[in-house]
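These notes concern the structure reproduced below.
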Amino acid sequence: MEKSQSLHAYIKEELLDRIKAGKYMPGEKIPTELDLCKDYDVSRTTVRTALNQLTLEGYLSRIQGKGTFVAEQKVKQALSNTIKRYSDQIAVQGKKGIVSLVNISVIPANDMLQHLLDVFVNAPIQRIERVRKADGEPTQYEIAYIPWDVAPGIARKHAESSLYASLSDNFDVRIAKTTETIEIALADERTSKHLNCEEGMPCFYMETIAEDKKGNKVEFSRSYFRGDKTNFTIERNY
C-alpha cells in the first residue's frame, strides 16, 4: 500500500484489480464484509466505504439480503476516429444495442442555438430526444438539434437508427468532423427518468458539434451517459 493511500482506497484498488483481471467474474458473489475485514485486518466501516465506492462506480451490485456481486461489464464506446454505429459497437461486446425515440419536435432557434449552429434566431430546428440501450438497459440519453434546412422532415425511422447514417443516406449530408466536450454532471429529474437511475447519480455529459466537409454546422447534441454503465476508449496513433 502506498503511504499516501487510505485503507479504504487500498482495498478498493485491490478489489478492482481482481475484477479487471477476471478473478471475480460478472455475476459472481464477492467475499462478505466480515471476510474482507478479516482478510485486510480493518474495520467494517473501512470495507463498507470501499464497497460503496465500487458500487457507485458500477463495478459492484449490492442486493439486500443476498450480498455483493460483480456487476456486468460496462458498455465501451470509442472516442477515437470511428464510423461504427452504436449497435455495431455494442454487438462486438456481445450485447444488443437499440436506439429508442422519445420525441421529435420543431422549435425556434434561441440565442444559444443561433450561436452554435450558425442559424438565425427563430430559425426552425428539429429537436430529437433519444435513449440508447444495451440489452434493454438505458446507457445514454441524448438531445440532438438539427436545422430544418439541413435535413427537413427527420422522422422516427431516421432517428431510431444511426442519425449520421440517416443524414447521409436520406438527406445527402455527410459528417466530416465532430468536436466533443466531456465533463461530469449529476442526473436531474428528466435525465434520471430516461436513464432509469437515481437523481444525483454522476454521469458523463458530452456536448457535440458536427460539421460537414464544407465546415457547415449541421448538428448540436447533448448526451448523458450513465457513469456506472459506460466507459470510453481513446486511441491515438503516433
Side-chain angles (χ1 to χ4, degrees), residues 19-20 25-28 54-63 69-105 126-146 151 154-170 175 178 180-208 210 219-234:
I19 292 170
K20 293 198 171 183
M25 299 298 292
E28 181 179 345
L54 287 170
T55 301
L56 183 62
E57 293 174 11
Y59 292 103
L60 295 177
S61 174
R62 310 188 77 179
I63 302 176
F69 299 81
V70 179
E72 292 297 319
Q73 290 188 346
K74 296 185 179 186
V75 172
K76 293 178 171 60
Q77 292 194 233
L79 290 183
S80 45
N81 293 343
T82 178
I83 57 173
K84 288 185 177 179
R85 304 181 184 198
Y86 175 78
S87 57
D88 295 333
Q89 291 189 57
I90 301 305
V92 299
Q93 299 169 51
K95 299 178 184 291
K96 181 180 180 181
I98 63 169
V99 182
S100 297
L101 177 67
V102 176
N103 186 51
I104 297 180
S105 58
Q126 295 163 102
R127 181 182 183 276
I128 305 163
E129 283 185 87
R130 304 187 299 168
V131 174
R132 287 187 168 94
K133 300 178 181 179
D135 283 351
E137 283 214 51
T139 61
Q140 178 186 353
Y141 168 54
E142 175 192 82
I143 307 170
Y145 300 88
I146 299 177
I154 291 174
R156 177 179 293 273
K157 64 180 181 181
H158 306 129
E160 290 193 331
S161 61
S162 167
L163 194 53
Y164 288 178
S166 291
L167 288 174
S168 175
D169 297 342
N170 298 280
I175 306 300
T178 60
E180 295 158 328
T181 303
I182 299 179
E183 58 188 69
I184 299 298
L186 302 180
D188 59 16
E189 183 178 1
R190 180 182 64 183
T191 304
S192 63
K193 173 187 172 184
H194 291 302
L195 289 180
N196 192 26
C197 66
E198 293 183 4
E199 283 189 54
M201 172 178 279
C203 297
F204 293 107
Y205 171 65
M206 179 187 295
E207 289 189 354
T208 302
E219 183 222 27
F220 166 67
S221 68
R222 290 172 160 159
S223 297
Y224 298 84
F225 301 81
R226 277 189 61 158
D228 63 336
K229 299 290 184 184
T230 310
N231 63 19
F232 293 93
T233 300
I234 300 173

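- Counting all heavy atoms, side chain and backbone alike, I19 lies closest to Y59 at CD1-O, 4.0 Å.
- Using a 4.5 Å cut-off on side-chain heavy atoms (C-beta onward), L186 and T191 make no contact.
- Aromatic ring orientation, Y224 versus Y205: tilted (interplanar angle from 30° to 60°).
- Considering only heavy atoms from C-beta on, Q140 stays 4.5 Å or farther from F204 through its side chain.
- A heavy-atom distance below 4.5 Å is found between the side chains of C203 and L195.
- The shortest non-hydrogen separation linking R130 to S161 is NH1-O, 3.1 Å.
- A salt bridge links E160 and R156; the closest N-O separation between the charged side-chain nitrogens and carboxylate oxygens is under 4.0 Å.
- Under a 4.0 Å N-O distance rule, the pair E142/R222 does not qualify as a salt bridge.
- The environment of E189 atom CD is sparse: at most 12 non-hydrogen atoms of other residues, nucleotides or ligands sit within 6.0 angstrom.
- Note that CZ of R127 is 5.5 Å distant from OG of S105, once rounded to the nearest 0.5 Å.
- A side-chain contact (heavy atoms from CB on, under 4.5 Å) with L101 is found for exactly one of I104, N103, V99, namely I104.
- Side chain of S221 to backbone of A144: no donor-acceptor contact under 3.5 angstrom is found.
- Summarising the geometry of M25 relative to V70, their closest heavy-atom pair is O-CB, 3.2 Å, with the distance given to 0.1 Å.
- Of the inter-residue distances, the one linking Q126 atom CD with H158 atom NE2 reads 10.0 Å to the nearest 0.5 angstrom.
- Note that the SG atom of C197 and the OH atom of Y141 stand 12.0 Å from one another [nearest 0.5 Å].
- Under the 4.0 Å criterion applied to side-chain N and carboxylate O atoms, R226 and D228 are assigned as salt-bridge partners.
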side-chain contact (heavy atoms from CB on, under 4.5 Å), that's the test. Do L163 and I146 meet it? Break it down for me. CA-CA 10 Å; L163 194 53; I146 299 177; 3.8 Å; yes
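- Atoms OG and NZ, on S166 and K157 in that order, are 9.0 Å from each other to the nearest 0.5 Å.
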Residue pair F69, R62: steps toward the side-chain contact (heavy atoms from CB on, under 4.5 Å) verdict: CA-CA 6 Å; F69 299 81; R62 310 188 77 179; over 6 Å; no
CA sep, side-chain torsions, deciding dist, call: T178, T208, side chain to side chain donor-acceptor pair (under 3.5 Å): CA-CA 6 Å; T178 60; T208 302; over 6 Å; no
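- Within the 4.5 Å cutoff, no side-chain heavy atoms of M206 are placed close to those of T181.
- Residues E219 and Y145 have side chains not in contact (no heavy-atom distance under 4.5 Å, counting atoms from C-beta outward).
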Apply side-chain contact (heavy atoms from CB on, under 4.5 Å) to the pair I128 and I154, showing each step before the final yes or no. CA-CA 9 Å; I128 305 163; I154 291 174; 3.9 Å; yes
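- Inter-residue side-chain proximity for K229 and E137 is flagged as met; some heavy-atom pair is nearer than 4.5 Å.
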Candidate pair S100 and I98, rule side-chain contact (heavy atoms from CB on, under 4.5 Å), full reasoning: CA-CA 6 Å; S100 297; I98 63 169; 4.0 Å; yes
